[in-house]
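Note sheet for the following structure.
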Amino acid sequence: MKYLISLILGLVCGATLLLAALYFNPFVARQALSPLAVSDNVLVVLNYSLVPADSLLFTNDGESVRKPFPLKVQELWEPAVQKTWVTVAELTSVRGEVVGVGIKFASDSEKSRPLRGEALVDSVWHIYLPGRGTLLVQQVENYWSLLMDIVVPARWSSSDSWRGNWHNSITVGPEALGTGKVIGQTGEFAGLSAEAMESVDATVYSALDGPVKMHGSLTIARPTENPAQ
Amino acid sequence: MHGLFRTFVFGVLLGLVGAGAYLHFVPVVDLYRVPSHVTVQTNGGNQETFSIRLPGDRIMAGRPGAAAAVPAGLAWPDAPAFDGFEAELFKIRDRDDTVIGVASRMKRTAGSGDGFVQWVVHLPARGTMFAALEANPGAGQARSGTLRVGTGEFEFRRGSVREVFVRDDTDSDPDNEGRIDLQVALIGLQEESR
């Protein structure tokens, strides 16, 4: 009997060690600097709020920390869309002016691998910028750093919250440099093929209510030789 | 005592390997899949129809100045720059009436500059389609267009997308507006080049 207890204790310790190693994994790189920041391309920066109540609309399965908004919006409770969330946001320029509307579809990815520090999400932005045109941005995003740096500490905190200054790029694909893919459709973006990166800036997160002060930035790098310009 | 310690160490190693193997082989995300209703065409392409029941599947209808915004409480931007622009969000169903994804439809009326109608159909377990349709409807209020880009299983496909509004007069429910059918005919780039 004492050997069995010893074995079970060992199993629990081993599994806990692995989880600790995953949490403190030094080989999972934080990507604070966007590869687009060092390019010669013209950058279009679109900011939006990650706080559901600051969006035009946010919906998910209704059981996550982030609550759907407005109150009476339909929830995505059907099995095929349960791991999907949709944000409709006003997009603002770096000066804070509303320059467009974006609809973001995001679904948990089956390619997620905790052992490699990957909590992947497949996302697509459908964007309309009045007077400029429409475009689509396809991305693979990795939320591992956000989970480890913000969400887990917030859950461990006695105040059920996290405060700090956190900035990180979340885009990891599908392009070779770990950037997102931009396909322009109308207006000045017609025929555009470019790259994009999305980053998150967080200062306050609640384990009970989700993001309290958190915003995202979508940076689109337009090649300077693009004839559309 | 040594035996106990050795058992403990063995347990630790087994726990490490076992937990590692579990995380490696058991997917942390397992998306729900329903069988696709695809009709294979003689040219090697395939055809599929997605449906939206109105008004039940409409998640959002954003229009400047619209009195009855969907959902209630939606604060749609009313700046003049957004005049003539509408955005809608729907749940998408397959032929069996099962919800399999979500879709957005953006429209700008032709009278207010460059008109367009665009769809993004996001099917989590399959991929995403981005289609551009003609701004003005043709016969029977149908719009035709093309798939511009796809991801997942639609990545290397091209083809046509047709939006048809079907009024349903058979239903006694007075709130029933009908349905939108998205008829998609796609072919793989490899088949197309043959």
ask   = With a cut-off of 6.0 Å (strictly less than), are more than 12 heavy atoms of other residues, nucleotides or ligands near CG of A:Leu4?
value = yes
inquiry  = Please classify the contact of B:Val34 with chain A as side chain, backbone, both or neither, using a heavy-atom distance under 4.5 Å.
reply    = neither
Separation between NZ of A:Lys181 and CD of B:Glu155, rounded to the nearest 0.5 Å = 5.0 Å
Contacting moiety of A:Val124, where chain B heavy atoms sit under 4.5 Å = side chain
Winner by heavy-atom pair count (cut-off under 4.5 Å) against chain A, out of B:Ser104, B:Gly73, B:Ala19 = B:Ser104
request  = Report the option among B:Ala79, B:Pro77, B:Ala125 that has the most heavy-atom pairs separated by less than 4.5 Å from atoms of chain A.
outcome  = B:Pro77
ask   = Taking B:Val149, B:Ile59, B:Ile100, B:Leu31 one by one, which has the highest count of heavy-atom pairs under 4.5 Å against chain A?
value = B:Leu31
ask   = Is the distance between the ring centroids of B:Phe10 and A:Tyr3 under 6.0 Å?
value = no
query = Side chain, backbone, both or neither: which part of B:His122 has an atom under 4.5 Å from a heavy atom of chain A?
reply = side chain
key: Over 12 foreign heavy atoms within 6.0 Å of NZ, A:Lys213   = no
task = For each of A:Gly100, A:Ala106, A:Ala119, A:Ala21, tally heavy-atom pairs with chain B at distances under 4.5 Å, and name the one with the top tally.
result = A:Gly100
remark   = Interatomic distance, CH2@B:Trp76 vs CG@A:Leu57, rounded to 0.5 Å, equals 9.0 Å
query = Between B:Phe130 and chain A, which part of the residue has a heavy atom less than 4.5 Å away: side chain, backbone, both or neither?
reply = side chain
message = What part of A:Leu129 gets within 4.5 angstrom of chain B, counting heavy atoms only: side chain, backbone, both, or neither?
response = neither
ask   = When only pairs under 4.5 Å are counted, which of B:Ala132, B:Pro27, B:Gly20 shares the most heavy-atom pairs with chain A?
value = B:Gly20
key: Residue pair B:Asp30 / A:Lys83: nearest heavy atoms and the distance that separates them   = O-NZ, 3.1 Å
remark   = Of B:Val120, B:Thr98, B:Asp57, the largest count of non-hydrogen pairs under 4.5 angstrom with chain A goes to B:Val120
message = Quick check on A:Ser112 against chain B: is it the side chain, the backbone, both or neither that has a heavy atom closer than 4.5 Å?
response = both
ask   = Is it the backbone or the side chain of A:Glu75 that comes under 4.5 Å from a heavy atom of chain B, or both, or neither?
value = backbone
key: Heavy-atom proximity to chain B below 4.5 Å, by part of A:Leu56   = both
task = Kindly compute the distance separating CZ (B:Arg105) from CD1 (A:Ile103), expressed to the nearest 0.5 Å.
result = 12.0 Å
key: Over 12 non-hydrogen atoms of neighbours within 6.0 angstrom of CZ in A:Arg155   = no
ask   = With only heavy atoms counted, which part of A:Pro79 is less than 4.5 Å from chain B, the side chain, the backbone, both or neither?
value = both
inquiry  = With a 4.5 Å cut-off on side-chain heavy atoms, are B:Val28 and A:Pro114 touching?
reply    = yes
ask   = Side-chain contact, heavy-atom cut-off 4.5 Å: B:Leu89 with A:Val88?
value = yes
remark   = Greatest number of non-hydrogen atom pairs under 4.5 angstrom with chain B, of A:Leu71, A:Leu17, A:Val101, falls to A:Val101
ask   = Between the side chains of A:Thr134 and B:Gln118, is a donor N or O closer than 3.5 angstrom to an acceptor N or O?
value = yes
key: Atom group of A:Lys2 that falls short of 4.5 Å from chain B, counting heavy atoms   = both
query = By a 4.5 Å heavy-atom criterion (distance strictly below it), what part of A:Thr16 contacts chain B: side chain, backbone, both, or neither?
reply = neither
request  = For each of B:Ile92, B:Val9, B:Leu123, B:Thr151, tally heavy-atom pairs with chain A at distances under 4.5 Å, and name the one with the top tally.
outcome  = B:Thr151
remark   = Pair count under 4.5 Å, heavy atoms only, with chain B: among A:Gln138, A:Lys111, A:Lys72, highest is A:Gln138
query = Between A:Gln74 (side chain) and B:Arg58 (backbone), is there a donor-acceptor pair under 3.5 Å?
reply = yes
message = Can you confirm whether B:His37 is buried at NE2, in the sense that more than 12 heavy atoms of other residues, nucleotides or ligands lie under 6.0 Å from that atom?
response = yes
task = Decide, yes or no, whether a salt bridge links A:Glu78 with B:Arg93 under the criterion of side-chain N to carboxylate O below 4.0 Å.
result = no
query = Given that the side chain runs from C-beta out, which part of A:Leu22 has a heavy atom under 4.5 Å from chain B: side chain, backbone, both or neither?
reply = side chain
message = Does any backbone or side-chain atom of B:Thr128 lie under 4.5 Å from a heavy atom of chain A? Answer side chain, backbone, both or neither.
response = side chain
ask   = Is there side-chain contact between B:Arg148 and A:Ile183, with at least one heavy-atom pair below 4.5 Å?
value = no
query = With chain B, which of A:Leu120, A:Asp108, A:Leu76, A:Leu136 has the greatest number of heavy-atom pairs at distances under 4.5 Å?
reply = A:Leu136
task = Ignoring hydrogens and angles, tell me if any N or O in the side chain of B:Thr7 forms a donor-acceptor pair with the backbone of A:Leu7 under 3.5 Å.
result = no
request  = Could you tell me which portion of A:Glu110 (side chain, backbone, both or neither) has an atom closer than 4.5 angstrom to a non-hydrogen atom of chain B?
outcome  = both
ask   = Relative to each other, are the rings of A:Tyr128 and B:Phe82 parallel, tilted or perpendicular (30° and 60° limits)?
value = perpendicular
task = Go through A:Asp122, A:Ile8, A:Val81, A:Val12 and name the one with the most non-hydrogen pairs under 4.5 angstrom from chain B.
result = A:Val81
remark   = dist B:Leu14:CG -> A:Leu11:CG (nearest 0.5 Å) comes out at 5.0 Å
note = Under 4.5 Å to a heavy atom of chain A? For B:Ala81 that would be both
remark   = Of A:Pro70, A:Ser6, A:Gly131, the largest count of non-hydrogen pairs under 4.5 angstrom with chain B goes to A:Ser6
task = Mind checking the SG-CG spacing from A:Cys13 to B:Leu16? Nearest 0.5 Å is all I need.
result = 10.0 Å
